[in-house]
Amino acid sequence: MIEELLVAVAGAAAAAAVYAGAAARVVKQYERGVVFRFGRLRDDVRSPGFTMIVPVVDRLHKVNMQIVTMPVPAQEGITRDNVTVRVDAVVYFKVVDAADALIRVEDYKFAVSQMAQTSLRSIIGKSDLDDLLSNREKLNQGLELMLDSPAMGWGVAIDRVEIKDVSLPETMKRSMARQAEADRERRARVINADAELQASKKLAEAAEVMSDQPAALQLRLLQTVVAVAAEKNSTLVLPFPVELLRFLERSTAGAPAAVNETRAVAPTPSPPPVSDAYLKGAAHAAEGVEPVEDLAGASVEPAPPEEGA
């Protein structure tokens, strides 16, 4: 009797162990458990941890709730400005409702992948090439909106969408390179022209100062000589500006004119005063001198001396 009781207890324990082993389930932290009983969905979604189901009657499906990173294959399309490009992207999404992800769509990952490809082709056809190259944030937001609307009905939330790369034909790359080079050359010429304009204005101001102060030109010339001599050259070429020569010419031409003017203005000296005695003596001497009639006649040779003299 006791032996039969022990056997029955052992059999019951073995049956309970088998039942517990068949009914016990463990749901991980990043998973949720969806239970189907005879094919019908149970309302309670099993949370992470240890859980029990009815063997043979219930079926437990675990759904991953982590963010899934899915690359979108490169899609070739024609932009709105008729340029053929290849664009690839990446989609980040996660399941927010485990029951809807199992019931409403057969394979939510495949559905999201196909929808991302079609949306990417659509966004390529609606955009210009410049938008694909420089305005990707706006395109990423547009792709996210296009994917998020139908995905919410599947219990999936689109976290973000990023365009990875835009491949262009080689001819288009060369054309864009030439365009960028021409634009940079244009900007370089504009900068050089602006610099020349500013330099010409400064030079004009310096010329005005030097015209008012000729000594400034000489100082500038001496600075140039010092700068050239600092290079340890054996030959020194000293330029003379035309303005300096003109200044020297004006200086030398003004000196004789000043002398002539001084001479013209100087008064004629008056004769010294003559006394009365001097006048009487001069008159008495003039009475003893015989007048000469023809001073312009023939020259008179001196008479020979007398023999007795």
Given 3.5 Å as the limit, does a donor-acceptor pair link the side chain of [X] with the main chain of [Y], or not?
| X | Y | answer |
| --- | --- | --- |
| Asp58 | Val54 | yes |
| Asn192 | Ala188 | yes |
| Ser113 | Lys109 | no |
| Ser119 | Ala116 | no |
| Arg186 | Ala182 | no |

>> If the condition is side-chain contact (heavy atoms from CB on, under 4.5 Å), which residues does Ile191 pass it with, not counting sequence neighbours?
In response: none

>> Within a 6.0 Å radius of atom CD on Gln223, are there more than 12 heavy atoms belonging to other residues, nucleotides or ligands?
In response: yes

> Would you call Lys201-Glu205 a salt bridge at under 4.0 Å N-O?
Replying inline: no

Same hydrophobic cluster for [X] and [Y], using side-chain heavy-atom links shorter than 4.5 Å among ILVMFWY?
| X | Y | result |
| --- | --- | --- |
| Ile67 | Trp154 | no |
| Leu145 | Val156 | no |
| Met176 | Val85 | yes |
| Tyr108 | Leu143 | yes |

>> Return the CZ to CD1 distance between Arg136 and Ile163, rounded to the nearest 0.5 Å.
In response: 6.5 Å

> How many angstroms lie between atom NZ of Lys28 and atom CG of Asn64, to the nearest 0.5 angstrom?
Replying inline: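 The NZ atom of Lys28 sits 9.5 Å away from the CG atom of Asn64.
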
> Between Met70 and Phe93, is any pair of side-chain heavy atoms under 4.5 Å apart?
Replying inline: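 Yes, their side chains come closer than 4.5 Å.
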
> In chain order, what residues pass the ring-ring contact (aromatic ring centres under 6.0 Å, His included) check against Tyr30, with sequence neighbours excluded?
Replying inline: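 Applying ring-ring contact (aromatic ring centres under 6.0 Å, His included) to Tyr30 gives none.
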
>> When you compare the side chains of Glu162 and Asn140, does any donor N or O come within less than 3.5 Å of an acceptor on the partner?
In response: yes

> Is a side-chain donor-acceptor pair under 3.5 Å present for Arg46 with Thr51?
Replying inline: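 Side-chain D/A pair, Thr51 to Arg46: present.
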
>> If I compare all heavy atoms of Leu102 with all of His61, which pair ends up nearest, and what's the gap?
In response: CD1-CB, 3.7 Å

> Name the one of Thr79, Asp88, Ile124, Leu133 that satisfies side-chain contact (heavy atoms from CB on, under 4.5 Å) with Val166?
Replying inline: Leu133

